[in-house]
Amino acid sequence: MSGLEKMMQNKKAINAICIGVLCSLSYLAVYFARNTLGAIAPHMGMSDSFIGNMSSIYFLTYAIGQLINGYIGDKIKARYMISGGLLFAGIANLLIPLFLPANETGSVIAYGVTGFFLSMIYGPMTKIVAENTEPVYATRCSLGYEVAGFVGAPAAGLAASVFAWQGVIYAGSAILTGMAMVFFAVCAGFERKGIVRYNRFKKTEEGKKGGAGAFIESIRVLIERRILKFTVISIITGVIRTTVVFWMPTYFNQYLGFSAEKASAIFAVASVIITFTTFISVGTYELLKRNMDLTILIMFTASTVFFSLLYFIKSPYINVGIMVLAVLASCGASSMMWCRYCPSLRDTGMVSGATGYLDFLSYMAAAASSKIFSDAVSHIGWGNLILVWAGLMAIGIVISLPTKKHRFTSLA
């Protein structure tokens, strides 16, 4: 490699680091705010039914927002989408403790509005990374903000173990609004320097025409890229990475018998361990010579085994450890979808839209399952609910098996 080539490669790497750090910090703010409810739930003194309704509304508005904002994110500069989403989410989040406990309906609406604005972040963020970095750097940038997302949960759990629940929400609002201003200013600078550019990849000639033809062409292209397989993966991993993680403190408290304070502390530690999910997933992917499909299959298989073991092992601390491993493996399959599959769609010009669609399905599943799980605990018990989680992971094994058309092949 010549000196000029090395210099250009170093410049691309530095630019990728700059984009990755900005996106990771923004995503950390998002996940701190969105994990506060799960972390503070044992301290709020509200019923499980109310918490379940609140989380379901959030997941629903977040899911719908992903579908809408993912599409818009392919049309509007990410600087406006992401900074606007952070700012307005911070304002809406601030209203939640002001409504409680007198006005439960108001708090639910405020939390739902927060979810919609937070949905303006992920699709445009993935588009920036995919279209402005080389594929190898795109995976690493995605790794960065996926890890930041996982860090948000233990950060919220730690805050909940130290501060009153209202203070945790106020902190989330402050972080969101502060990050909105940072992202807008820094991204504007990146645009001026050419680090971030838009519309670098164009759609096919049929897609450029617009109308029904463009829509049909988009569907055709995405089906060729196996969007249907990842549709199922998004749904089943969404239940685990969102709903199961949300209910973990309550699971530790009610099923394993830990106090509310200890459950929050254990959740914080467990969440720290789960933050290594993406490293483990991407590391496995590299060990398997960048074989995404085989990595996903291994992750689903491990998760199925661990969730099944939860049903038989009653020792609280061992159960906690196995629960963490089960969630970690499931999230590993999910990480492959977000870190590898979505950025690989950059040449379609539909990264934000496709990412938003998959996230929409993930959170629609979470919205439905959060309410179902809260009701199921009283009807079938935590033990049988564990078997449901294992069954979902078994579906993941089936959907991950190779077909004649798509063998286990490595990706560059």
Side-chain angles (χ1 to χ4, degrees), residues 19 22-34 55-93 109-132 141-142 145-146 148-149 152 172 176-177 179-181 183-184 187 191 196 198-199 201 203 214-215 218-219 222 227 230-231 234-235 238 241-242 334 337-338 341-343 345-346 348-367:
I19 294 172
L22 179 62
C23 290
S24 296
L25 290 174
S26 301
Y27 214 51
L28 176 58
V30 170
Y31 264 72
F32 179 89
R34 58 157 292 172
S55 63
S56 291
I57 291 296
Y58 171 88
F59 294 144
L60 181 62
T61 57
Y62 187 87
I64 294 173
Q66 283 289 353
L67 190 63
I68 296 171
N69 293 319
Y71 174 79
I72 296 174
D74 282 324
K75 313 293 183 182
I76 296 177
K77 287 185 177 181
R79 171 163 46 114
Y80 301 113
M81 287 288 292
I82 295 175
S83 60
L86 291 168
L87 176 62
F88 293 121
I91 295 171
N93 193 62
I109 293 173
Y111 197 51
V113 171
T114 300
F116 181 83
F117 285 125
L118 288 179
S119 71
M120 296 171 65
I121 315 302
Y122 191 65
M125 185 180 292
T126 304
K127 184 179 178 69
I128 278 186
V129 168
E131 295 190 351
N132 290 281
C141 285
S142 299
Y145 58 77
E146 284 294 310
L176 287 172
T177 53
M179 196 62 227
M181 293 183 282
F183 189 93
F184 187 90
C187 191
E191 291 173 10
V196 170
Y198 301 97
N199 301 317
F201 296 89
K203 295 183 179 181
F215 178 76
S218 298
I219 297 299
L222 291 176
I227 194 72
F230 286 93
T231 292
S234 179
I235 290 171
R241 78 186 182 101
T242 304
S334 176
M337 178 172 61
W338 306 121
Y341 176 71
C342 289
L345 300 174
R346 70 176 190 165
T348 68
M350 296 180 285
V351 171
S352 181
T355 302
Y357 161 74
L358 291 173
D359 226 8
F360 160 76
L361 293 172
S362 175
Y363 284 97
M364 283 299 289

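From a predicted model like this one, the values you see are computed outputs, not experimental measurements.
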Nearest heavy atoms of [X] and [Y], plus distance in Å:
X: V351; Y: T126; answer: CG1-CG2, 3.6 Å
X: K127; Y: G73; answer: CD-O, 3.5 Å
X: M120; Y: M81; answer: CE-O, 3.4 Å
X: G70; Y: S352; answer: O-OG, 2.7 Å
X: E191; Y: K77; answer: OE1-NZ, 4.0 Å
X: I68; Y: F116; answer: CD1-CE1, 4.4 Å

| said: Just to verify, what does A33 make a side-chain contact (heavy atoms from CB on, under 4.5 Å) with, not counting sequence neighbours? | reply: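 Expected list: L176.
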| All side-chain contact (heavy atoms from CB on, under 4.5 Å) counterparts of I227, not counting sequence neighbours | L222, I223, T231, Y341, Y357, L358
For the atom pair [atom1] ([X]) and [atom2] ([Y]), what is the distance rounded to the nearest 0.5 Å?
X: N132; Y: Y198; atom1: CG; atom2: OH; result: 8.0 Å
X: R34; Y: T114; atom1: CZ; atom2: OG1; result: 12.5 Å
X: F360; Y: I235; atom1: CZ; atom2: CD1; result: 9.5 Å
X: I64; Y: L67; atom1: CD1; atom2: CG; result: 8.5 Å

Taking side chain to side chain donor-acceptor pair (under 3.5 Å) as the definition, give me every residue that meets it alongside [X], ordered by chain and number, with sequence neighbours left out.
X: S334; value: W338
X: S55; value: S370
X: N69; value: S119

| field | salt bridge (charged side-chain N to carboxylate O under 4.0 Å, His left out) partners of residues 55-64, not counting sequence neighbours, each pair once | value | none
| task | If a pair satisfies salt bridge (charged side-chain N to carboxylate O under 4.0 Å, His left out) and one of its residues is in residues 353-362, list it, with sequence neighbours excluded. | result | R241-D359
Does [X] reach the main-chain N or O of [Y] with its side chain, forming a donor-acceptor pair under 3.5 Å?
X: D74; Y: G353; result: yes
X: T177; Y: G90; result: no
X: N93; Y: A89; result: no
X: R79; Y: C187; result: no

Which residues satisfy the ring-ring contact (aromatic ring centres under 6.0 Å, His included) test with [X], sequence neighbours excluded?
X: Y62; value: Y58, Y363
X: Y27; value: Y31, Y122, Y145
X: F88; value: F117

| task | Kindly indicate, with the supporting measurements, whether the criterion side-chain contact (heavy atoms from CB on, under 4.5 Å) is fulfilled by I19 and C23. | result | CA-CA 6 Å; I19 294 172; C23 290; 4.1 Å; yes
| request: Determine whether L22 and M179 make a side-chain contact, defined as any pair of heavy atoms from C-beta on separated by less than 4.5 Å. | output: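 In short, these two side chains touch, coming nearer than 4.5 Å.
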| said: Please determine whether side-chain contact (heavy atoms from CB on, under 4.5 Å) holds for the pair L86 and I121, giving the CA-CA distance in whole Å, both sets of side-chain angles, and the decisive distance to 0.1 Å. | reply: CA-CA 8 Å; L86 291 168; I121 315 302; 3.9 Å; yes
